[in-house]
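Single-structure report; data block below.
Residue numbers count from 1 along this sequence. On a predicted model such as this, the values are computed, not experimentally measured, just so you know. Just the heavy atoms: all of them, side chains too, but no hydrogens, waters or symmetry mates, feed the values below. Both ligands and their constituent atoms are indexed starting at 1 by order of listing.
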Amino acid sequence: MKNFELARPTTLNQAVMALAEGEGAIGGGKGPAALLAGGQDLLTELKEHLAEPDTVIDLGRVPGLDAIERDGAGNLTIGAMVRLHQLEEHGAIREQMPVLAQAATSIASPQIRSVGTVGGNLNQRPRCWYYRNEASVCLKKGGLACLAAVGRNKYNAILGGGPSYIVHPSDLAPALIALDAEVTLVGPEGERRMPLADFYLLPREGGISTETVRRPGEVLTKVHVPAPAAGTRSTYLKFKERESYDWALSSVALVLGMDGARVNRARIVLGGVAPKPWRVESAERLLEDNEIDPRTVAQVREAALFGAQPLAENGYKVPLTKGLITRALESLA
Ligand SMILES: Cc1cc2nc3c(=O)[nH]c(=O)nc-3n(C[C@H](O)[C@H](O)[C@H](O)COP(=O)(O)OP(=O)(O)OC[C@H]3O[C@@H](n4cnc5c(N)ncnc54)[C@H](O)[C@@H]3O)c2cc1C
């Protein structure tokens with residue numbers, strides 16, 4: 001690990017300015033900087049020399065980032081430093097947004113969930129072993145090609161891949177996108193808010209060395225989750241290679257607005273299969289104004305995986321994901 005200076009700002013403005021100086025958003029740039037939240041991902045990156053910042057900026061003393069607030073209409077504002085276990089334990093989230101509570105519970109171990117944060121989870125870097133291996137010069141680290149494309153690619157993308165075939169690792173992101181969540185980013189030029197779905201980039205959209213549209217100096221400060229309409233049902237299903245803690249081989253976040261047995265609004269977002277959370281609007285449209293019967297379920301799962309292009313070792317993800325979609329739909333019918 002390279003030596004670094006640890007900055008411990010006590011205001012958001014100090015944190016933004018320290019990050020902006022390091023990331024070059026303001027004149028000159030002091031040298032690379034990185035934000036530290038729970039450190040569950042960043043410390044690994046530092047130890048493996050994947051990140052070599054001169055300054056690490058600890059968000060732990062910045063006030064106002066560690067609360068879940070609920071307004072009178074039931075809309076939630078979740079601070080970036082809220083710990084993952086707080087989501088799974090929150091009464092309104094468990095009752096009204098089971099997709100989010102289940103996604104949080106599916107993450108790693110209780111120990112990691114007690115330290116890891118919402119902001120860190122949404123900004124964690126990919127798990128592809130060529131990226132994580134210090135010795136591999138993959139496309140994301142300035143190499144000429146994605147080593148997974150022709151190498152060992154059991155865990156890589158089947159949808160939206162190319163020229164890099166990473167998969168997006170966060171379990172929270174598909175669930176939050178299915179709930180139409182938005183995020184606030186604060187940077188040296190002020191504040192902006194956008195749908196979480198627009199925060200992530202595909203490799204072909206410019207997401208090679210980064211996976212998000214976060215600009216230099218910007219801190220993700222809040223996640224906004226609108227209250228689900230009455231009659232909304234939701235679930236998060238995740239398939240892991242082992243029973244113990246693990247990232248998703250495939251997952252599905254499903255949120256359905258129901259009017260009796262009829263679906264009036266659908267969100268289907270897949271995890272573990274694409275370089276960003278993969279929303280399948282064509283499949284959503286097949287559900288809307290329909291009942292969840294075997295014919296509709298079959299059409300939806302085919303539409304969701306339409307265009308999948310498995311690599312040599314990950315064709316299993318196609319039937320696996322269709323199975324998860326089927327089970328998720330049947331569980332909400
Ligand atoms: C063994 C293990 C198993 C895991 N399994 C899963 C799993 O199944 N599913 C899953 O979703 N995750 C999993 N994780 C990942 C874990 O959830 C994340 O590492 C953790 O959520 C990161 O949060 P953190 O607060 O520790 O982030 P940090 O490590 O502090 O930060 C992670 C990254 O986000 C950036 N960052 C942090 N906060 C902000 C912010 N507010 N604004 C902008 N950038 C920010 C940091 O600079 C860094 O690049 C696992 C991790 C481990 C170690």
- [ ] Select the closest option to atom 35 (C) of ligand 1 among Asn123, Val62, Leu65, Thr221, judged by heavy-atom distance.
- [x] Asn123

Task: Sole candidate of Leu320, Leu305, Val280 that passes side-chain contact (heavy atoms from CB on, under 4.5 Å) when paired with Ile325 - done: Leu305

Open item on the list: Within the structure provided, determine whether Phe239 and Thr321 are in side-chain contact (heavy-atom separation under 4.5 Å).
Closed with: no

Task: atom 47 (O) of ligand 1: nearest protein contact (heavy atom, Å) - done: Leu35 O, 2.6 Å

Open item on the list: Is there a polar contact between ligand 1 and Gly39, counting only N or O atoms under 3.5 Å apart?
Closed with: yes

Task: Of the listed options Gln124, His168, Met81, Arg125, closest to atom 12 (N) of ligand 1 (non-hydrogen atoms) - done: Gln124

Open item on the list: Same cluster or not: Val186 versus Val213, using hydrophobic residues (I, L, V, M, F, W, Y) connected whenever any side-chain heavy atoms lie under 4.5 Å apart?
Closed with: no

Open item on the list: Return the closest protein heavy atom for atom 24 (P) of ligand 1 as residue, atom name and distance.
Closed with: Gly38 N, 3.4 Å

Open item on the list: Pairs of nitrogen or oxygen atoms closer than 3.5 Å, one from Leu42 and one from ligand 1: do any exist?
Closed with: yes

TODO: Decide whether the shortest distance between a heavy atom of Leu84 and an atom of ligand 1 is less than 4.0 Å.
DONE: yes

Open item on the list: With heavy-atom distances below 4.5 Å as the criterion, would you say the side chains of Leu254 and Leu256 are in contact?
Closed with: yes

- [ ] Would you check whether Arg214 has a nitrogen or oxygen atom less than 3.5 angstrom from a nitrogen or oxygen atom of ligand 1?
- [x] no

Open item on the list: Quick check: Tyr155 with Trp129 (ring centres under 6.0 Å apart)?
Closed with: yes

Open item on the list: Just to check, does Lys238 reach to within less than 4.0 Å of ligand 1 when the distance is taken from its heavy atoms?
Closed with: yes

- [ ] Please state whether Leu59 comes within less than 4.0 angstrom of ligand 1, counting heavy atoms only.
- [x] yes

Open item on the list: With respect to Leu220, determine whether any N or O atom, backbone or side chain, lies less than 3.5 Å from an N or O atom of ligand 1.
Closed with: yes

Task: For atom 32 (C) of ligand 1, the option (of Ala37, Gly120, Ser170) bearing the nearest heavy atom - done: Gly120

Open item on the list: How far is atom 7 (C) of ligand 1 from the closest protein heavy atom, and which atom is that?
Closed with: Asp171 OD2, 3.4 Å

Open item on the list: Is there a polar contact between ligand 1 and Val115, counting only N or O atoms under 3.5 Å apart?
Closed with: no

Open item on the list: If I apply the N/O under 3.5 Å rule, does Tyr245 come out as touching ligand 1?
Closed with: no

Open item on the list: Which residue and atom name correspond to the protein heavy atom nearest atom 4 (C) of ligand 1, and how close is it?
Closed with: Trp247 CZ2, 3.2 Å

- [ ] Report the part of Leu172 in contact with ligand 1, treating N, CA, C, O as backbone and CB onward as side chain, heavy atoms under 4.0 Å; options are side chain, backbone, both, neither.
- [x] neither

